[in-house]
Amino acid sequence: MGDSIFNCCSVPSNPPGEGDHPGSRSRRAQQITMASNSTNISSDKRFLIFFDFDETIVDETSDDVVVQAAPGQHLPAWLKDTYQPGRYNEYMQRVLAYLAEQGVTESDIRSHMEKIPTTPGMLTVFQFLRTRAAQDFEVVLVSDANTFFIESWLRSKGARQLFHRIFSNPATFNKDGRLVLRPFHSHDCPRCPDNMCKQVVVRDYVARRTQERGRVYQRLFYVGDGANDFCPATFLGPRDVVFPRRDFPMHRLITETHEAMPGEFKAVTVPWGSAEEVVARLRKLQAE
């Protein structure tokens with residue numbers, strides 16, 4: 001395990017985040033409610049910030065990295081040919097089953113996750129949120145990766161306790177040593193993968209926390225990169241800020257929306273190449 005990026009951590013650690021089982025939105029809201037109540041999050045925080053994981057917090061895609069644990073560091077063509085658009089989660093279930101059949105262990109997978117490099121400037125963001133801004137920011141992670149990959153990486157960097165909640169596809173090892181992946185939830189959003197709509201997650205969480213707190217957040221923030229980060233970004237309003245990684249799919253989709261439908265995308269957009277740019281804007285807004 002690598003050195004911690006923090007000297008100490010006072011935010012209570014939460015159990016590994018797990019997604020909702022398929023069902024109605026009301027069931028999802030109830031499950032999120034129960035999880036939120038158990039975290040004892042302070043109601044005094046002014047801002048709520050969401051982070052994606054792959055190619056946002058880390059500089060690679062964790063699903064690609066785990067393939068490096070396979071024999072020859074690649075998958076056979078017959079397995080890759082089973083992928084179907086919109087069903088990536090099901091494809092990764094088959095990939096993880098194949099890795100187990102090839103003798104890849106929990107320790108092997110964790111080791112590969114821990115070595116994924118951090119996105120430039122992201123540790124500075126974490127340090128800012130942990131030390132200078134802890135009293136103002138509630139921090140949540142929303143990812144279409146899986147809980148084992150994310151937890152392994154965050155704990156290796158001493159950053160797990162920064163996040164009040166992690167919403168991702170549940171993944172646990174069974175008695176045979178296979179990492180079993182499940183979909184986060186079911187939904188009816190036509191533009192998102194079958195297993196996760198991040199806007200549903202963000203919308204439900206904001207609604208539940210607002211009810212629990214008895215007041216709204218002053219601003220919402222969303223930091224992401226991928227096409228599946230565009231959908232939750234459309235939920236944000238004109239006082240909120242979206243941080244798309246510059247020239248990645250999320251940024252391109254926002255730009256195309258501004259050009260095709262001016263005024264349709266409401267949030268302030270702050271593209272970033274290094275996450276130092278995210279810190280600069282957060283510092284400015286915190287001081288207002």
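Owing to the predicted nature of the structure, the values given are computational and were not obtained by experimental measurement.
In this structure, Tyr205 OH and Leu48 CG are separated by 6.0 Å, a value rounded to the nearest 0.5 Å. Of the inter-residue distances, the one linking Arg182 atom CZ with Gln93 atom CD reads 10.0 Å to the nearest 0.5 angstrom. The NE2 atom of His164 lies 4.5 Å from the NZ atom of Lys45; values are rounded to the nearest 0.5 Å. Once rounded to the nearest 0.5 Å, the distance linking CG of Leu181 with CG of Leu96 reads 6.0 Å. Distance check, rounded to the nearest 0.5 Å: CG of Leu236 to CZ of Phe221 gives 9.5 Å. Atom-to-atom distance recorded for Ile150:CD1 and Ile57:CD1 is 8.0 Å, nearest 0.5 angstrom.
Following chains of ILVMFWY side-chain contacts shorter than 4.5 Å, one cannot reach Leu99 starting from Val180, and the two form parts of different hydrophobic clusters. When hydrophobic clusters are built by joining Ile, Leu, Val, Met, Phe, Trp and Tyr residues whose side-chain heavy atoms come closer than 4.5 Å, directly or via intermediates, Val66 is grouped together with Tyr83. Follow the hydrophobic side-chain contacts under 4.5 Å out from Met92 and you reach Trp78 in the same cluster.
Among residues two or more places apart in sequence or in another chain, the salt bridge (charged side-chain N to carboxylate O under 4.0 Å, His left out) test is passed with Arg110 by Glu106. For Tyr98, there are no ring pair (Phe, Tyr, Trp, His ring centres under 6.0 Å) partners at least two apart in sequence or on another chain. Scored by the ring pair (Phe, Tyr, Trp, His ring centres under 6.0 Å) test, Phe235 finds no partners at all (sequence neighbours excluded). With sequence neighbours left out, the ring pair (Phe, Tyr, Trp, His ring centres under 6.0 Å) criterion links Phe148 to Phe173. Qualifying side chain to side chain donor-acceptor pair (under 3.5 Å) partners for Gln102, counting only residues two or more places apart in sequence or in other chains: none. Annotation: ring pair (Phe, Tyr, Trp, His ring centres under 6.0 Å) contacts of His258 (sequence neighbours excluded): Phe265. In this view, Thr105 and Asp108 satisfy the side chain to side chain donor-acceptor pair (under 3.5 Å) rule, not counting sequence neighbours.
In this structure, Leu129 and Phe51 have side chains that are in contact, with non-hydrogen atoms separated by less than 4.5 Å. Side-chain contact check for Arg191 versus Gln199: some heavy-atom pair is nearer than 4.5 Å. Contact check for Thr119 versus Thr56: no side-chain heavy atoms found under the 4.5 Å cut-off. Considering only heavy atoms from C-beta on, Asp44 stays 4.5 Å or farther from Gln135 through its side chain. Put simply, the side chain of Arg46 reaches to within 4.5 Å of the side chain of Gln286, judged on heavy atoms. Side-chain contact between Val223 and Trp272 is present, with heavy atoms from C-beta onward closer than 4.5 Å. Contact annotation: the side chain of Pro193 never approaches that of Asn89 to less than 4.5 Å [non-hydrogen atoms, C-beta and beyond]. The shortest side-chain heavy-atom distance between His185 and Val201 falls under the 4.5 Å cut-off.
Of all the heavy atoms in Leu162 and Val139, the pair that sits closest is O-CB, 3.6 Å. Gly121 approaches Ser274 most closely through the heavy-atom pair CA-OG, 3.9 Å. Val142 and Tyr222 make their closest contact through O-OH, 4.5 Å (heavy atoms, listed as atom of the first residue, atom of the second, distance). The shortest non-hydrogen separation linking Val202 to Pro232 is CG2-CB, 4.0 Å. Looking at every heavy atom in both residues, Cys192 comes nearest to Met196 through CB-O, 3.5 Å.
Here the side chain of Trp153 pairs no donor or acceptor atom with the backbone of Val58 at under 3.5 angstrom. For Thr147 (side chain) and Pro170 (main-chain N/O), no donor-acceptor pair under 3.5 Å exists by modelled atom type. For the pair Asn146 (side chain) and Asn169 (backbone), a donor-acceptor distance under 3.5 Å is absent. Counting only distance, with no hydrogens or angles, the side chain of Arg178 and the backbone of Glu101 share no donor-acceptor pair below 3.5 Å. Panel note: side chain Ser143, backbone Ser168; no donor-acceptor pair is recorded below 3.5 Å.
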Going by atom type alone, with no hydrogens or angles, which donor-acceptor pairs under 3.5 Å involve a side-chain atom of residues 247-256 and a protein atom two or more places apart or on another chain?
| from | atom 1 | to | atom 2 | distance (Å) |
| --- | --- | --- | --- | --- |
| His251 | ND1 | Asp247 | N | 2.9 |
| Arg252 | NH1 | Asp247 | O | 2.4 |
| Thr255 | OG1 | His251 | O | 2.9 |

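The list of salt bridge (Lys or Arg N to Asp or Glu O under 4.0 Å) pairs with a residue in residues 73-99, not counting sequence neighbours, reads Arg87-Glu90, Arg87-Asp194. Applying the salt bridge (Lys or Arg N to Asp or Glu O under 4.0 Å) rule to pairs touching residues 50-74 yields Asp52-Lys198, Asp59-Arg245, sequence neighbours excluded. Applying the salt bridge (Lys or Arg N to Asp or Glu O under 4.0 Å) test to pairs two or more places apart or on separate chains, those with a residue in residues 259-278 are Arg246-Glu277. The salt bridge (Lys or Arg N to Asp or Glu O under 4.0 Å) analysis of residues 279-288, with sequence neighbours excluded, yields the pairs Arg219-Glu288.
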Pair Val65, Lys115 - check side chain to side chain contact (heavy atoms under 4.5 Å, CB included), show working. CA-CA 9 Å; Val65 171; Lys115 294 174 183 176; over 6 Å; no
For Leu141 and Leu154, what are the C-alpha separation, side-chain angles and deciding distance, and is it a side chain to side chain contact (heavy atoms under 4.5 Å, CB included)? CA-CA 11 Å; Leu141 194 155; Leu154 290 176; 4.1 Å; yes
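Relative orientation of the Phe47 and Phe137 rings is tilted, given thresholds of 30° and 60° on the angle between their planes.
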